[in-house]
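A quick write-up on the structure given underneath.
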Amino acid sequence: MAEPTDLAADLAADLAANDTIFGRILRGEIPCDPVHADERCLAFRDVAPQAPVHILVIPRRRLMTLAEAQAGDAELLGHLLLVAAQVAREQGLTAFRTVINSGADAGQTVFHLHVHVIGGRPLAWPPG
Ligand code: AMP
């Protein structure tokens, strides 16, 4: 098992190599409006909200897409969903939608995995 210092070094190297807009947010190079932060993830308000509440939950360690996730990412993915539900609860949402767009044809524009938490208005189904 890796020493904690190795894990911290790995995460720092991962963050330094993250050339997405979310990497810049994680490095503090551009601002965000945070609603939750812990050692594994950050949640902040979407800059172009599609509903009264629109929050993004992102892992600190970069996964480009859900499609590239491996068995070893299970705990992190579970954590992101638990944080999504916690954030929705804290925002007063009793109903909300979580979305993970995986791949450009599915609407993914930022290639650092993120969970959208959307709510505060009726949401139609199916999505476009
Ligand atoms: P997706 O299309 O699923 O990749 O979602 C990317 C989301 O990131 C979109 O909803 C954008 O509005 C949002 N976004 C892009 N840049 C920023 C930013 N600087 N701060 C907050 N949200 C952003």
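Everything quoted here is computed from the prediction, not taken from an experiment. Read the numbers this way: they start at 1 and go in the same order the structure lists the ligands and their atoms.
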Ligand 1 atoms in contact with [X] (distance to a heavy atom under 4.0 Å):
X	value
Arg45	21 (C)
Ala48	12 (O)
Gly107	1 (P), 2 (O), 3 (O)

For ligand 1, is there an N or O atom under 3.5 Å from any N or O atom of Val47? yes

Considering distance alone, does some N or O of His116 sit under 3.5 Å from an N or O of ligand 1? yes

Contact partition for [X] relative to ligand 1, non-hydrogen atoms under 4.0 Å:
X	answer
Val99	neither
Phe22	side chain
Asn101	side chain

With under 30° as parallel and over 60° as perpendicular, where do the rings of His54 and His116 fit, or are they tilted in between? tilted

Can you tell me if [X] has over 12 outside heavy atoms packed within less than 6.0 Å of its [atom1]?
X	atom1	answer
Glu75	CD	no
Gln70	CD	no
Asp105	CG	no

Can you tell me if Phe44 has a non-hydrogen atom under 4.0 Å from ligand 1? yes

Minimum non-hydrogen distance to atom 11 (C) of ligand 1, winning option of Leu113, Asp46, Ile100: Asp46

Students should be able to answer this: which protein heavy-atom is nearest to atom 1 (P) of ligand 1, and at what distance? His114 NE2, 3.1 Å

